[in-house]
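Here the structure is laid out as structure tokens; the discussion comes afterwards.
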2 protein chains.
Amino acid sequence: MPATIRDVARASGVHISTVSRTFSAPHLVNPETRNRVLACAERLGYRPNRAARALITGRTHNIGLIVADIANPFFPPLIKAAESQARQRDYHIFVADTNEDPAVEEDLVHALAKQVDGVLLCSPRMSNSLIEQLSREVPLVVINRQVAGLPAVVMDVGQGARLAIEHLTGLGHRDLALLAGPRGSWTSREIRRSATAAARAAEARLTVLGPNAPTEDGGFAMAEQVRRTGATAVLTYNDLMAIGLLEGLDALGLRVPQDISVVGIDDIALSRLTRPKLTTVATPTAAAGRTAVDMLLQHDKSASPRTGRGRSGTSDDRRTTAQVTLQTELVIRDSTGVGPAAPAHRAGPAAAADRYATSPAVPGSHGHADPGSAAPATPDVVVS
Amino acid sequence: MPATIRDVARASGVHISTVSRTFSAPHLVNPETRNRVLACAERLGYRPNRAARALITGRTHNIGLIVADIANPFFPPLIKAAESQARQRDYHIFVADTNEDPAVEEDLVHALAKQVDGVLLCSPRMSNSLIEQLSREVPLVVINRQVAGLPAVVMDVGQGARLAIEHLTGLGHRDLALLAGPRGSWTSREIRRSATAAARAAEARLTVLGPNAPTEDGGFAMAEQVRRTGATAVLTYNDLMAIGLLEGLDALGLRVPQDISVVGIDDIALSRLTRPKLTTVATPTAAAGRTAVDMLLQHDKSASPRTGRGRSGTSDDRRTTAQVTLQTELVIRDSTGVGPAAPAHRAGPAAAADRYATSPAVPGSHGHADPGSAAPATPDVVVS
DNA sequence: ACTTCTCCTGCAAACCTTTGCAGTACCCCT
DNA sequence: AGGGGTACTGCAAAGGTTTGCAGGAGAAGT
């Protein structure tokens, strides 16, 4: 029913190749002819079939973006950044959600494979070997994970976790807990590794609890267990869990930060709205999205315009597969306070602020977060 | 570089059609042959090219889902519901975000057109005529909008707005304000229409402010203007704006609900976490997502397997294009209280609760929202 | 032994484009 | 008049798959 190139050719009395050129290389066709063709196309409502075009050119001008859970506020900023970056380069982004399920993840890569020029794999839960295998099917860029031989952009959560632990031990906490993330998460492993090391260095005890669902519910459910560890400070895999934990602790009658301190990771917009405001590790999600798109597109210059004269030449120009690491920083707000071993003259949530350079500029989105006219509005303290 | 059907055929010594059948109609090929083919395919890492397959079958088994703003918590539940429904029917969903920009919206429909079997257009900002035109290019189901001749699923926000206004006037408010949504939003028009009528019926004054960006910032920015209207109660286009407004009013030193009442629309998860908890109109987003997928797939049975013998037959089986309307309900929490004209013996936020049947069951997601052990935990009051 | 079936496989057209190559027409120079 | 451009257009192959049709082989029925 929809008009094809042939219909337009017939209607305007030219060969289909001329119609094709009218759209993909207008300068090659006589202005007069071109206008006639365009008019017919317009009249018939013709649009080039992108699937057919992709079949022969090998380029779809689409990018797939697979995320673990679209409902996690961590992802939207990344998605939006990727989209705008892609749009600038005349590409479109198709997003898909895996529900944290590795099987769905694999399935989606296959589904996207031939309809996109590459896939951005965000926080994948699959095994490394599977990812490598899939990368032979479609160009891949992984985000929040390192896979040998694949381009990747990771946020340095290891450093962030270290900062968080140092912040807590600096406040006098000696008994720490870590709420780990989901099984298969590279990020969770990094956090655990780094937090463990930092705790050991500070001679503090660290209990790791998990794996857990990286959601509010996941955090809420662990409140009781956290209490049982006797920890006076907790680091969580992400902000959502921290927020759930906040609620859970509240339900248990524990006050934050007086009885127990909580630190999240991600710095989602929501973490500024909780009571108390959440101390957290800020990750540069937007930058990650942009970078990933750039890496994919750059690596992608080696198009395959028709098979040409066969597999001659050195098609294996697997140039240095870059791995970009983005820095993180600690944003100190109100959910962390002094611990039992703290110097006596210090007290209150913000007591530790003076240990660091005070740069009140916080890179977040909501400029109005600290209205200024209302409560004292302690500015965020940022450590990096 | 990736293996094609021809490679597999050559390797297993059969014709390509046999390979094709091995994958798309296994029962038609001798088990022995089939195994040989499968083995070769496995060895070569062959995967059918979905684009090529779509070209000839006319079916991609993909569905496009276009939303206005993926960062708005309203959408993820809808997306997830659509995804799981689609997955059940062996379809994949590709999501794209328009940034609230009608031009991007149109562009995306074109980009998706030939790569999906249909597009779910969620809260479109385009003109009706443009939508109709696009619907000739690819099957469309619109969500949160009514377009003549197109299948649609809408949530009855009109009814919701009416309930909200009646709730407020019932509490004794006589001066109301409405924070409208973005230009081009059908939902916003519906709300406005219905709210105006309800206010008139109750002989209350209603000031409409807008259009506004449907975000926290959008709500925050209007606090001052709301105050200037002298209204004692406000209804907002969505929860995000209501939450922003809450912050804005707080910054102005106005107390909610003592000085001013606020009602949102959507009942996003976040609205249960604000202080005070937000009174809001709950919309059945998940059901909408599921329904939309079903409508698309059902309307889609009329596949076009090859052009066959031409345009014979009655291809114009444009069967009754259904329009489904989903009910909404009012969830009364703590952001609404009595107004100046209220009976004297009533006071406090929950004072109006007894006016309605008290059904504490709220359909939301977070089962732990009311821990029970903590504060009195007033259960949500639901009106529908 | 002949027909009729069933089961399997191959052939080739079709889907909608893009693009290298070749051909035509015309103009400009010398 | 002849040579060399330039500007445009047509031809046909190619991309990877599906599928109606027909043919071959063997089994079963008469």
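Phosphate proximity of D/dT9 to A/His15: absent, as no side-chain N or O sits under 4.0 Å from OP1 or OP2. Here A/Thr57 does not reach the OP1 or OP2 of C/dT18: none of its side-chain N or O atoms lies under 4.0 Å away. Considering only side-chain N and O atoms, A/Thr18 lies under 4.0 angstrom from the phosphate OP1 or OP2 of D/dG10.
Shown here for A/Met295 and A/Ala322, the closest heavy-atom pair between the two residues is CE-O, 3.3 Å.
Atom NZ in B/Lys114 sits about 13 Å away from atom P in C/dT18, given to the nearest Å. Summarising the geometry, the separation between NE2 on A/His27 and C1' on D/dA7 is reported as 12 Å, rounded to the nearest angstrom. Distance, A/Leu28 CG to C/dG20 P: 11 Å, rounded to whole Å. Taking atom CG on B/Asn35 and atom C1' on C/dC8, their separation rounds to 15 Å, with Å as the unit. Taking atom CD1 of B/Ile56 as the reference point, atom C1' of C/dT17 lies 14 Å away to the nearest angstrom. At whole-Å resolution of the value, CZ in B/Arg59 and P in D/dT18 are 15 Å apart. In this structure, the CG atom of B/Leu55 is 10 Å from the C1' atom of D/dT18, given to the nearest Å. Atom-to-atom, CD of B/Glu32 to C1' of D/dA25 comes out at 15 Å; the value is rounded to the nearest Å.
Between the side chain of A/Arg21 and the base of D/dG10, a donor-acceptor pair under 3.5 Å is found. Counting atom types as modelled, A/Arg53 pairs no side-chain N or O with a base atom of D/dG15 as donor and acceptor under 3.5 Å.
Using a 4.0 Å heavy-atom criterion, one finds that B/Val19 contacts no nucleic acid atom at all. Residue contacts shown for B/Arg6 include a base, since a base heavy atom lies under 4.0 Å away. Within 4.0 Å of A/Arg34, counting heavy atoms only, lies no atom of the nucleic acid at all. Here A/Pro31 lies in heavy-atom contact (under 4.0 Å) with sugar-phosphate atoms only. Looking at heavy-atom distances under 4.0 Å, A/Ser20 makes contact with a base. Counting any heavy atom pair closer than 4.0 Å across all strands shown, A/Ser17 reaches a base atom. Using a 4.0 Å heavy-atom cutoff across all strands shown, A/Arg50 reaches no nucleic acid atom at all.
At least one donor-acceptor pair under 3.5 Å links the side chain of A/Asp117 to the backbone N or O of A/His61. Of the possible polar contacts, none joining the B/Gln323 side chain to the B/Gln146 backbone as a donor-acceptor pair under 3.5 Å is found.
Side chains of B/Asn62 and B/Gln115: no donor on one and acceptor on the other come within 3.5 Å.
In this structure, OH in A/Tyr91 is found 4.5 Å from CG in A/Leu297, a value given to the nearest 0.5 Å.
Counting only heavy atoms from C-beta outward, the side chains of A/Leu121 and A/Leu134 never approach each other to under 4.5 Å.
When distances run from any side-chain atom of B/Tyr46 to the nucleotides D/dT9, C/dT18, D/dT17, the shortest one goes to D/dT17.
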